[in-house]
2 protein chains.
Amino acid sequence: MKNNLSVLVVEDSLIFSEGMELILKQHTAIKEVYTAHNLKDTIARIRKTAIDIIFLDLNFETKEYDGFTIAKKVKEQQEAIKIIVLTQYARVYVYEKLFKECKVDAYLDKQLGTNELFLALEKVMQGEIYINSNIESIMNIKKWWKISKREKQVVPLLVQGYTQKEVADRLNISARTVENHITSIMRKLEVKNSVELAAKYVLYVNGNRENLEGGLSPF
Amino acid sequence: MKNNLSVLVVEDSLIFSEGMELILKQHTAIKEVYTAHNLKDTIARIRKTAIDIIFLDLNFETKEYDGFTIAKKVKEQQEAIKIIVLTQYARVYVYEKLFKECKVDAYLDKQLGTNELFLALEKVMQGEIYINSNIESIMNIKKWWKISKREKQVVPLLVQGYTQKEVADRLNISARTVENHITSIMRKLEVKNSVELAAKYVLYVNGNRENLEGGLSPF
DNA sequence: TAGGAAATAGGTAAATTCCCCTAAAAATCA
DNA sequence: TGATTTTTAGGGGAATTTACCTATTTCCTA
């Protein structure tokens with residue numbers, strides 16, 4: 001591995017970027033740590049300086065762009081730059097977008113230690129893809145990839161508490177067709193009924209944080 | 001407001017605590033910023049130094065204690081110390097525990113800006129309770145407070161895809177009783193059916209991060 | 001200790017979901 | 001273009017959920 005890496009932290013929250021900088025500087029292979037707080041500064045930096053790795057947040061205050069936009073723009077201009085995505089809210093469905101569309105190299109939950117941060121850095125510099133998530137999560141996303149376009153329209157409505165008939169009315173199709181879609185979805189996701197489907201959907205959309213926050217259980 | 005505040009950051013992640021320290025030092029009313037990375041250091045610090053405010057994380061690597069434990073211990077010993085809880089995963093059900101049991105003074109999601117951090121600090125020093133969450137979330141928690149002990153046992157089973165009959169078998173009660181419990185829960189939570197109930201439950205347990213991460217929608 | 005939930009369980013009937021099929025038009029893709 | 005998948009829709013029937021009821025026992029709290 002190179003031992004004079006130039007890294008760039010792209011993150012609009014000061015609290016986090018200042019901390020990141022201090023940590024990254026402790027790694028012996030890192031020569032220089034730059035910071036950018038928005039899209040414009042990021043692009044300016046990669047043009048001016050030879051950057052090896054970008055640590056990129058997905059959340060930005062502005063609605064004009066987000067981490068996805070930045071990742072794509074960076075890879076368009078300089079494909080060789082490795083991108084490690086850091087995100088506070090590890091929602092499973094973002095994986096697809098990140099790896100297929102944005103070509104990022106690693107995905108890390110911000111609730112991470114210095115060790116894991118450096119491990120990701122080393123893996124990525126060796127050309128590997130790194131994800132700090134459990135296998136189960138990955139398996140669950142793959143199930144959702146099988147869900148068709150129309151099926152994806154049915155689920156949110158069902159989960160809001162609409163009956164199959166009501167969903168049918170909203171989509172201007174037969175209740176029978178909706179029933180078939182739901183059956184198909186349940187088979188693909190390997191769930192027993194609509195109730196379990198609703199739970200799985202919310203986990204998928206909203207992220208699963210089981211075993212976090214001290215393993216607290218609400219009931 | 002006092003203008004020579006001593007604050008303590010209790011947080012085991014270096015990345016975050018280093019950043020927090022830098023930010024807090026920028027506030028004119030803050031005289032001194034201390035850091036503690038575990039329960040022992042926290043208690044030692046409040047005994048040695050007169051602390052006004054603690055910024056407390058809920059997540060700790062260890063399973064021996066968590067933010068809740070620390071908050072309780074601190075308030076037991078020195079009730080006057082204000083506690084501002086910072087958490088990465090804003091799960092709604094923790095509110096109850098935090099405010100009723102641990103007597104914390106503020107609750108902030110880590111995805112916050114400097115402004116909000118300082119606003120919370122000022123509100124808390126004026127003796128107010130501060131929560132950076134929307135009213136809807138609060139209303140939704142209150143609905144869950146009405147759910148009885150037995151009802152709380154039924155919900156997780158139902159959400160796992162078990163039928164009312166199967167839930168009844170597991171709890172060794174009549175299917176009819178389970179049915180009554182579910183009806184009661186649906187009325188209390190104002191949901192239309194079990195499917196919507198499942199969705200609400202997962203949101204409640206796992207936290208709602210709608211409108212975060214750039215308002216991305218999966219479908 | 002009296003009142004009020006909570007937990008228990010049932011009757012009846014309607015509404016809804018779920019299952020196992022078939023089948024054709026439309027869209028997609030190789 | 002030919003093959004595959006998606007979307008559409010239905011028949012028939014079983015299983016399940018939901019809606020309104022009543023009613024007893026237990027438990028908790030003011």
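Note that the structure is predicted; figures quoted are calculated from it, not measured. Only heavy atoms go into these numbers, but all of them, side chains included; no hydrogens, no water, no symmetry mates. All chains are named by letter (A, B, ...) in the order of the sequence lines, taking the proteins before the strands, and each is independently numbered beginning at 1.
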Report, one pair per line, the protein and nucleotides 16-19 of chain C atoms (nitrogen or oxygen only) whose separation is under 3.5 Å.
unit_1, atom_1, unit_2, atom_2, d
dT17(C), OP2, Gln164(A), N, 3.2
dC18(C), OP1, Ser194(A), N, 3.0
dC18(C), OP1, Ser194(A), OG, 3.4
dC18(C), OP2, Ser194(A), OG, 2.6
dC19(C), N4, Glu179(A), OE2, 2.7

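- Identified under the salt bridge (charged side-chain N to carboxylate O under 4.0 Å, His left out) test for residues 43-56 of chain A, with sequence neighbours left out: Lys2(A)-Asp52(A).
- Atom P of nucleotide dC27(D) and atom CZ of Arg150(B) are separated by 12 Å, given to the nearest angstrom.
- Remark: Lys188(B) NZ is packed, more than 12 non-hydrogen atoms of other residues, nucleotides or ligands lying under 6.0 Å away.
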Expected rows: protein N/O vs nucleotides 22-28 of chain C N/O, under 3.5 Å:
none

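- Taking Glu196(A) as the reference, Lys192(A), Lys200(A) meet the salt bridge (charged side-chain N to carboxylate O under 4.0 Å, His left out) condition, with sequence neighbours excluded.
- Residue Thr177(A) has no polar side-chain atom (N or O) positioned under 4.0 Å from OP1 or OP2 of dT7(D).
- What separates CD1 of Ile185(B) from C1' of dA7(C) is a distance of 12 Å, to the nearest Å.
- Along DNA chain D, the nucleotide nearest Lys188(A) and the nucleotide nearest Asn172(A) are compared for position; the residue whose nucleotide lies closer to the 5' end is Lys188(A).
- Heavy atoms from other residues, nucleotides or ligands lying under 6.0 Å from CD of Gln126(B) number more than 12.
- Here the side chain of Ser174(A) is nearest to one of dT8(D), dG10(D), dT8(C), namely dG10(D).
- Judged by distance alone, the side chain of Ser194(A) and the main-chain N or O of Leu197(A) form no donor-acceptor pair under 3.5 Å.
- Side-chain N or O atoms of Ser184(A) include none that pairs as donor or acceptor with a backbone N or O of Asn180(A) at under 3.5 Å.
- Applying the 4.0 Å criterion to OP1 and OP2 of dT8(C), one finds that His181(B) has a side-chain N or O inside that range.
- Pairing each heavy atom of Ser6(A) with each of Ala50(A), the nearest pair is CB-O, 3.4 Å.
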Would Glu116(B) and Tyr130(B) count as a side-chain contact (heavy atoms from CB on, under 4.5 Å) if you check the C-alpha gap in whole Å, the side-chain angles of each, and the deciding distance to 0.1 Å?
CA-CA 10 Å; Glu116(B) 190 149 31; Tyr130(B) 187 85; 3.1 Å; yes
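- A salt bridge between Glu76(B) and Lys73(B) is absent, with no side-chain N of the basic residue lying under 4.0 Å from a carboxylate O of the acidic one.
- Helix-axis bend for the helix from dT1(C)-dA30(D) to dA30(C)-dT1(D): the local axis fitted to the five terminal pairs at one end deviates from that at the other end by 70°, rounded to 10°.
- Thr177(A) meets the side chain to side chain donor-acceptor pair (under 3.5 Å) test with no other residue; sequence neighbours excluded.
- Checked by atom type, the side-chain pair Thr69(B)/Asp66(B) shows a donor-acceptor distance below 3.5 Å.
- Counting to the nearest Å, the P atom of dA5(C) and the CD atom of Glu151(B) are 13 Å from each other.
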